[in-house]
Amino acid sequence: MGVEYVSRVPRPPLDGLIDDLYYLEGAPPYARLTLPPAPSALLIVNLGAPFRIRAGTDIETAEYADGCVVTMPTRAWEFGYPLRTRSVGVHFKAWGLAPFLPMPAAELCDRPVTVEQVWGRPAIAELRDRLATADGPHEMLALLEEELMRRLCETAGLGLVRHTSSVIAATSGAVAIGDLRVAAGVSSTHLAQRFKDLIGVTPKRLARSYRFAATLLAIDFAEPIDWGEVAGGAGYFDQAHFGHEFRAFTGLTPTRYVEVRRRFLREHPGHALDGWPLPAD
């Protein structure tokens with residue numbers, strides 16, 4: 001039994017906030033997956049048995065029945081699937097979740113919440129009912145898109161944060177935040193506060209996240225890896241700095257990460273969920 005994964009980009013203006021909407025059903029490759037922190041946010045509407053999330057190694061695992069909302073993480077988090085999983089979800093750009101949140105994003109930093117805590121129980125109950133009776137994945141994604149269109153709010157500071165974040169993203173984090181602040185004509189305090197409200201972290205932290213993600217995604221795990229070359233190519237000060245950053249983000253050393261990553265690729269070549277996840281068990 002594999003996994004059915006259907007994904008599509010939403011229509012404007014949602015496409016400026018969202019990378020894709022997706023439908024996922026089937027037996028996950030592992031009961032628990034570790035997800036390194038990507039510069040993006042996530043919303044999942046769960047249609048099957050509850051799943052479990054541990055947002056950092058020192059935090060208790062919590063159960064999520066209706067789904068979850070995850071602002072941009074600053075460290076690896078662990079996702080535990082039921083034996084069969086079924087859900088629809090949204091992969092947001094780093095700044096994309098803000099127009100759908102009733103609270104500052106910083107309140108949710110590394111603290112995933114249920115969808116009910118964000119949208120209220122009646123709304124999520126009704127949406128789950130409509131999704132459960134929909135005629136297949138494509139209709140479900142259309143319903144989810146309609147819900148997002150309906151909930152889209154004007155968000156103070158979004159233009160500033162989106163523009164600045166887009167430059168950070170385009171340079172994979174290799175940009176002086178001071179230059180962006182000057183170009184935007186705002187104080188560093190104002191910029192940092194807007195980022196915390198809308199993304200949950202400072203511009204500097206976002207840049208670190210983009211740089212780390214770009215570095216990780218560029219590694220070919222099928223080949224021998226020269227870590228000095230990887231660190232230098234990504235603009236890290238030295239290999240020790242890169243190793244420290246690696247552990248801060250993933251909880252693993254680079255060598256251990258490669259072992260676990262290669263296990264996923266070996267046991268599940270070409271898997272629909274591949275890209276980031278690591279087996280956690």
Side-chain angles (χ1 to χ4, degrees), residues 7 19-20 29-30 32-42 55-58 70 72-79 91-95 109-110 163-181 183 195 199-281:
S7 153
D19 285 325
D20 73 322
Y30 302 98
R32 299 194 344 263
L33 286 177
T34 298
L35 298 154
S40 60
L42 179 67
T57 46
D58 53 347
V70 184
M72 196 194 98
T74 68
R75 51 191 168 178
W77 53 294
E78 197 178 281
F79 195 97
H91 290 122
F92 289 95
K93 297 177 189 294
W95 59 87
C109 187
D110 292 322
H163 175 73
T164 311
S165 301
S166 301
V167 179
I168 293 171
T171 59
S172 299
V175 62
I177 305 302
D179 294 349
L180 296 179
R181 176 191 70 70
F195 264 71
I199 295 180
V201 299
T202 63
K204 200 168 183 179
R205 181 77 209 200
L206 181 69
R208 273 179 67 194
S209 211
Y210 269 111
R211 175 157 72 158
F212 185 74
T215 306
L216 217 50
L217 291 171
I219 295 171
D220 180 355
F221 290 97
E223 299 292 320
I225 298 161
D226 178 338
W227 288 112
E229 203 175 288
V230 170
Y236 287 97
F237 180 64
D238 56 23
Q239 206 173 325
H241 175 209
F242 178 61
H244 176 78
E245 200 75 339
F246 214 102
R247 280 188 297 279
F249 275 110
T250 66
L252 303 171
T253 64
T255 316
R256 178 69 187 133
Y257 181 90
V258 172
E259 285 170 14
V260 184
R261 189 82 188 89
R262 284 179 175 155
R263 179 187 156 198
F264 190 113
L265 297 172
R266 189 172 61 245
E267 293 175 357
H268 298 278
H271 196 280
L273 287 183
D274 191 38
W276 272 119
L278 303 167
D281 38 5

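Note that the structure is predicted; figures quoted are calculated from it, not measured.
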Are any non-hydrogen side-chain atoms of T34 and L252 less than 4.5 angstrom apart? no
Which residues share a ring pair (Phe, Tyr, Trp, His ring centres under 6.0 Å) with H163, sequence neighbours left out: none
For R263, give me all partners under side-chain hydrogen bond (donor to acceptor under 3.5 Å, both in side chains), at least two apart in sequence or on another chain. E267
State the CD1-OG1 distance between I177 and T164, to the nearest 0.5 angstrom. 8.5 Å
Quick one: list whatever passes ring pair (Phe, Tyr, Trp, His ring centres under 6.0 Å) with H241, sequence neighbours left out. Y236
Results of salt bridge (charged side-chain N to carboxylate O under 4.0 Å, His left out) for D238 - residues two or more places apart only: none
Please list, chain by chain and in numerical order, all residues satisfying side-chain contact (heavy atoms from CB on, under 4.5 Å) with S209, sequence neighbours excluded. P39, M72, F249
Value rounded to 0.5 Å, distance of NE2 in H268 from OH in Y30: 3.5 Å
Hey, does T202 have a side-chain heavy atom less than 4.5 Å from the side chain of F195? no
Can you list, pair by pair, the side-chain donor-acceptor contacts under 3.5 Å of residues 214-221, counting residues two or more places apart and other chains?
| from | atom 1 | to | atom 2 | distance (Å) |
| --- | --- | --- | --- | --- |
| T215 | OG1 | R211 | O | 2.6 |
| D220 | OD1 | A222 | N | 3.0 |

Side chain to side chain donor-acceptor pair (under 3.5 Å) pairs, two or more places apart, involving residues 249-262: R256-E259, R261-D274
Please identify each residue that fulfils salt bridge (charged side-chain N to carboxylate O under 4.0 Å, His left out) with E78, with sequence neighbours left out. R32, R54
Considering residues at least two apart in sequence or located in another chain, which fulfil the ring pair (Phe, Tyr, Trp, His ring centres under 6.0 Å) criterion with Y210? none
By side-chain hydrogen bond (donor to acceptor under 3.5 Å, both in side chains), H91 pairs with (sequence neighbours left out) D20
Between F242 and F212, how do the two ring planes meet: parallel, tilted or perpendicular, split at 30° and 60°? tilted
L206 side, atom CG; I199 side, atom CD1 - distance, nearest 0.5 Å: 5.0 Å
Supply the atom-to-atom distance E245 CD to F237 CZ, rounded to the nearest 0.5 angstrom. 13.5 Å
For P73 and A38 the tightest heavy-atom approach is CD-O, 3.7 Å
P37 and A76: which non-hydrogen atoms are nearest, and at how many Å? CD-N, 3.6 Å
Per-pair distances, 0.1 Å, donor-acceptor, side chain in residues 225-233, under 3.5 Å, sequence neighbours excluded:
| from | atom 1 | to | atom 2 | distance (Å) |
| --- | --- | --- | --- | --- |
| D226 | OD1 | G228 | N | 3.0 |
| D226 | OD1 | E229 | N | 3.1 |

List the residues meeting salt bridge (charged side-chain N to carboxylate O under 4.0 Å, His left out) with R181, not counting sequence neighbours, and say none if there are none. none
